[in-house]
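Just so it is clear, the structure is predicted and the values come from calculations on it, not from any experiment. FYI, the numbering just counts along the sequence from 1. As the structure lists them, so they are numbered: ligands from 1, and atoms in each ligand from 1.
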Amino acid sequence: MLDEIIIIRLDLVASKIYLNWQIGSQLKNLFGGKKMVKKEDISKQLKGGLVVSCQALENEPLHSSFIMARMARAAKEAGAVGIRANSVVDVQAIMDTVELPVIGIIKSVYEESDVFITPTLKEVRQIAATGVPIIAMDGTQRRRPKDEKLEEIVKIIREEYPETLLMADTATLKDISYANSLGFDFIGTTLYGYTEETKGENIAKNDFEQMKEVLKTATVPVIAEGKIDTPEKAKEALALGCHCIVSGGAITRPQEIAKRFVNALQEEA
Ligand SMILES: CC(=O)N[C@H](C=O)[C@@H](O)[C@H](O)[C@H](O)COP(=O)(O)O
């Protein structure tokens, strides 16, 4: 009898907490919640600025949502216009910390495919559900896990999240033409140098030779991303006509930053 009373009371307490939480979030949405920002405004916000990629995978020293949110805060203090981040937890921690547009991705490795940046509909939906204004996904023509097709993913996510901007992370000019045809909002050079076909390449090589071709091929704004590791390169990419810059490792991966110093000292010795 006593057990039953205790269980009923616990149930009542739990229901009350749940109800309060629900009312609280509804009120927050009504009065204090995040405002829906229009697609054109997000694009304007990014134009001509620096987006800082705040990412640390499980095998990296700074792997922690708390630290990534602090990185995002530092980026904001420096004047960054946006953040790029990996995983639902990091994106949520960052969106709770800074009021900057976030480019969300989920890196996920599948055995049967080399595609790992938001590779399947599952990851696209998971990251979309966080409310990120922009989702970036692999925009190469490589075979995707589970044989999913990029055009299908884009079609479905456009229906489910019409207000979310989509960025294609590409490697080759062919990828860019493909992304144009699928109606992406942004094209990123993220994977140039990271696929079988482009291994060892660098977007800044020969005075940004490849970037100039990218800009001629793309029919939507181009985001310069991948090894834009100095302020000079960032400035040059913007001058060529890129919409904005994403820089990561050179700002938020201390192991890469320290390595550049160590390498320079070793070259001197
Ligand atoms: C190839 C790949 O996995 N790129 C990832 C994409 O999100 C990140 O690891 C990069 O840090 C990001 O693209 C920014 O580039 P960089 O760190 O070179 O400034």
Side-chain angles (χ1 to χ4, degrees), residues 46 49-63 67-68 71-72 74-75 78 80-91 94 101-110 113-119 123-124 126-127 130 132 134-140 142 144-145 165-172 175 179 184 186-205 208 210-211 214 222-238 242-260:
L46 297 182
L50 172 73
V51 174
V52 176
S53 170
C54 302
Q55 299 185 42
L57 298 176
E58 290 85 345
N59 59 352
E60 293 187 66
L62 297 194
H63 180 64
I67 296 174
M68 290 304 108
M71 284 283 182
V81 297
I83 304 293
R84 176 162 164 133
N86 168 46
S87 83
V88 167
V89 276
D90 283 11
V91 162
I94 289 168
V102 173
I103 303 175
I105 62 168
I106 295 184
K107 284 183 175 169
S108 190
V109 174
Y110 287 80
S113 165
D114 290 336
V115 172
F116 66 95
I117 298 182
T118 334
E123 290 85 18
V124 175
Q126 284 171 340
I127 205 71
T130 62
V132 270
I134 309 164
I135 299 172
M137 64 189 84
D138 182 294
T140 68
R142 297 175 296 179
R144 303 182 91 82
L165 291 154
L166 302 179
M167 169 176 174
D169 286 337
T170 65
T172 65
D175 297 341
F184 274 91
F186 298 109
I187 282 168
T189 52
T190 322
L191 289 166
Y192 185 66
Y194 293 96
T195 60
E196 207 48 49
E197 246 178 294
T198 64
K199 208 158 46 193
E201 293 293 353
N202 185 315
I203 198 77
K205 208 171 87 184
F208 283 96
Q210 170 74 6
M211 186 65 93
V214 167
V222 171
I223 298 184
E225 173 166 355
K227 302 184 188 133
I228 307 289
D229 52 8
T230 65
E232 292 72 29
K233 287 183 196 171
K235 232 176 130 184
E236 180 60 23
L238 277 192
C242 290
H243 187 74
C244 64
I245 307 299
V246 175
S247 187
I251 300 172
T252 55
R253 287 193 163 112
Q255 70 276 29
E256 277 184 28
I257 302 166
K259 190 87 188 120
R260 288 168 81 177

Closest to atom 3 (O) of ligand 1 among Tyr192, Phe116, Tyr194 (heavy-atom distance): Phe116
Protein contact of atom 18 (O) of ligand 1 - nearest heavy atom, named by residue and atom, plus distance: Lys227 N, 2.8 Å
Donor-acceptor contact present, side-chain Asn86 to main-chain Lys107, <3.5 Å: yes
Under 3.5 Å: donor-acceptor pair, side chain of Arg144, backbone of Asp138: yes
Top protein contact for atom 11 (O) of ligand 1, by heavy-atom distance: Arg253 NH1, 2.9 Å
Gly226 neighbourhood, listing ligand 1 atoms whose heavy-atom distance to it stays under 4.0 Å: 15 (O), 18 (O)
Atom 17 (O) of ligand 1 [closest protein heavy-atom partner, distance rounded to 0.1 Å]: Gly249 N, 2.8 Å
Which segment of Asn86 sits under 4.0 Å of ligand 1 when only heavy atoms are counted: neither
Considering all heavy atoms, the nearest Ile245-Ala237 contact: CD1-CB, 3.7 Å
Any donor-acceptor N/O pair, Ser247 side chain to Val52 backbone, under 3.5 Å: no
Atom 19 (O) of ligand 1: the protein heavy-atom neighbour that sits closest, reported with distance to 0.1 Å: Gly248 N, 2.8 Å
Cationic N near anionic O, under 4.0 Å, Glu196 to Arg142: no
Non-hydrogen atom of Ser247 closer than 4.0 Å to ligand 1: yes
His243 side chain vs Ile223 backbone, donor-acceptor pair below 3.5 Å: no
Atom 12 (C) of ligand 1: nearest protein contact (heavy atom, Å): Glu225 OE2, 3.2 Å
Side-chain (Lys227) to main-chain (Glu201) donor-acceptor, under 3.5 angstrom: yes
Heavy atom of Ile105, distance to ligand 1 below 4.0 Å: yes
Reference residue Met167; test side chain to side chain contact (heavy atoms under 4.5 Å, CB included); the match among Thr190, Ile187, Ile135: Thr190
Protein heavy-atom partner closest to atom 6 (C) of ligand 1 - residue, atom, separation in Å: Arg84 NH2, 3.4 Å
Atoms of ligand 1, numbered as shown, that sit under 4.0 Å from any heavy atom of Thr190: 6 (C), 13 (O)
Short N or O distance, Glu256 and ligand 1, threshold 3.5 Å exclusive: no
Beyond-backbone contact of Thr195 with Asp114, side-chain heavy atoms, under 4.5 angstrom: no
Closest protein heavy atom to atom 8 (C) of ligand 1, given as residue, atom name and distance to 0.1 Å: Lys107 NZ, 3.4 Å
